[in-house]
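Here's the structure we're looking at; comments come further down.
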Amino acid sequence: MKRPFFAVLGGMGSLATESYVRLVNQATHAHRDQEFLDYVVFNDASVPDRTEFILGRSDEDPFPVIADDIEKATAMGASFIVLTCNTAHYFYDRFQALTDVPILHMPRGAVRRMSRLYPAGEYRRVGFMGTEGSRASGVYRKAVEEAGYEFVEPDESMQHRVDYLIYHDVKGTGELNQERYKAAIDTMLDYYRCDTVILGCTELSVLNEAFPMPDKPIIDAQAILVDDTVARAKALRG
């Protein structure tokens, strides 16, 4: 009998998808080929920009493209689906309505982990770093506030710095800048007086993989999604 597999909806962007897959393979701790997890990756780079659509700056709707991938993953028999783009969770409820296959919810998973590591009673102010689309959509604000935290988002000047990390350094040039990344984290913790910071964009997770700062209270949504993916996939094996 063929083992269960999961589907990864990626390509938004491709470097972040590559990072996610690499981390899943590492977290599996396999020692031979047969111990790795079974999965199918949709590296669908044709998905229109989620932020531009959410903010009304583009009429190219990403929903039908991702919905097509979900329908294909369902038809293939995937046991669960992983949506690796934080911003695309703006459409989560509509995506889940398309299929009986569970779709992992990255923002909710990140907040669940944060609640265990950094309880709201001690770590009240949660800073958010992500795309303008994720910020405008409120997907993280809702999850954070429902868990009892105060949600802190950057002003326009700080958002511009975050956007530069996402669109110039990771998506644009691929030249990751440690100083810019560290300075942005420190600004959220010090200037904005945040008790912890959520990285709610997979491009920021790429930076965090390259330049980890375990001494700082950072919640990396993609890293947590990796853990949740591996745990669910291994449980399906029995």
Side-chain angles (χ1 to χ4, degrees), residues 9-20 44-63 65-66 83-92 106-107 110-111 125-144 151-194 196-213 216-225:
L9 306 189
M12 304 173 275
S14 294
L15 186 60
T17 304
E18 177 187 325
S19 172
Y20 167 82
D44 199 342
S46 64
V47 178
D49 191 281
R50 283 69 60 206
T51 291
E52 292 298 298
F53 180 79
I54 291 169
L55 297 179
R57 298 195 294 235
S58 169
D59 59 2
E60 291 188 77
D61 189 350
F63 178 83
V65 183
I66 302 174
L83 181 61
T84 59
C85 174
N86 287 271
T87 309
H89 282 72
Y90 171 77
F91 306 99
Y92 177 86
M106 184 156 34
V111 172
R125 291 172 58 83
V126 176
F128 175 72
M129 291 174 59
T131 65
E132 290 179 83
S134 289
R135 186 179 70 168
S137 72
V139 291
Y140 271 95
R141 174 182 287 278
K142 185 174 187 293
V144 166
F151 187 78
V152 181
E153 60 185 37
D155 60 19
E156 292 306 313
S157 175
M158 183 61 192
Q159 184 65 50
H160 178 74
R161 291 172 60 185
V162 174
D163 288 345
Y164 196 87
L165 290 169
I166 295 169
Y167 295 103
H168 178 272
D169 287 3
V170 181
K171 286 183 181 288
T173 67
E175 297 176 5
L176 310 184
N177 188 292
Q178 184 174 15
E179 290 185 7
R180 269 198 293 272
Y181 170 61
K182 183 179 183 299
I185 294 290
D186 287 340
T187 298
M188 293 301 295
L189 292 172
D190 299 334
Y191 178 79
Y192 287 89
R193 296 180 293 107
C194 294
T196 185
V197 177
I198 290 180
L199 301 182
C201 176
T202 47
E203 275 69 34
L204 298 177
S205 298
V206 170
L207 286 161
N208 197 52
E209 181 190 0
F211 311 120
M213 292 182 278
K216 297 185 184 294
I218 296 170
I219 292 294
D220 182 344
Q222 176 174 268
I224 293 164
L225 180 66

If you round to the nearest 0.5 Å, how far is [atom2] of [Y] from [atom1] of [X]?
X     : Y      : atom1 : atom2 : value
Cys85 : Leu9   : SG    : CG    : 10.5 Å
Asn86 : Leu204 : CG    : CG    : 8.5 Å
Ile66 : Asp61  : CD1   : CG    : 9.0 Å
Thr84 : Gln222 : OG1   : CD    : 7.0 Å

Residues in ring-ring contact (aromatic ring centres under 6.0 Å, His included) contact with [X], at least two apart in sequence or another chain:
X      : result
Tyr20  : none
Tyr164 : His168
His160 : none
Tyr90  : none

Query raised in the report: Yes or no on side-chain contact (heavy atoms from CB on, under 4.5 Å) for Val170 and Leu165, after CA distance, side-chain angles and deciding distance?
Result: CA-CA 6 Å; Val170 181; Leu165 290 169; 5.9 Å; no

Minimal non-hydrogen separation, [X] against [Y], with atom names:
X      : Y      : result
Asp220 : Ser205 : OD1-OG, 2.5 Å
Leu189 : Pro217 : CD2-CG, 3.9 Å
Cys201 : Thr131 : SG-CG2, 4.0 Å
Ala110 : Ile219 : O-CG2, 3.8 Å
Met213 : Tyr181 : CE-CE2, 3.3 Å
Asn177 : Leu207 : N-CD2, 4.2 Å

Report task. Check whether the ring centres of Phe128 and Phe151 lie less than 6.0 Å apart, and answer yes or no. Result ->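 Yes.
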
For [X], all residues meeting salt bridge (Lys or Arg N to Asp or Glu O under 4.0 Å), sequence neighbours excluded:
X      : value
Arg180 : Asp169
Asp186 : Lys182, Lys216
Glu156 : Arg135
Glu60  : none

What pairs with [X] under side chain to side chain contact (heavy atoms under 4.5 Å, CB included), at least two apart in sequence or on another chain?
X      : result
Lys171 : Arg50, Ile166, Tyr167, Glu203
Tyr191 : Thr187
Asp155 : Ser157, Met158, Tyr192
Arg193 : Arg125

Are side-chain heavy atoms of [X] and [Y] found at a separation under 4.5 Å?
X      : Y      : answer
Ile185 : Met129 : yes
Tyr140 : Val126 : no
Leu176 : Phe211 : yes
Thr202 : Ser19  : no

Query raised in the report: Given the rule in the side-chain contact (heavy atoms from CB on, under 4.5 Å) test, do Val144 and Arg141 qualify, once you have shown the distances and angles that lead to the verdict?
Result: CA-CA 5 Å; Val144 166; Arg141 174 182 287 278; 5.9 Å; no

Report task. Say whether, by atom type as modelled, one donor and one acceptor occur between the side chain of Gln159 and the main chain of Gly130 under 3.5 angstrom. Result ->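 Confirmed, Gln159 side chain pairs with Gly130 backbone.
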
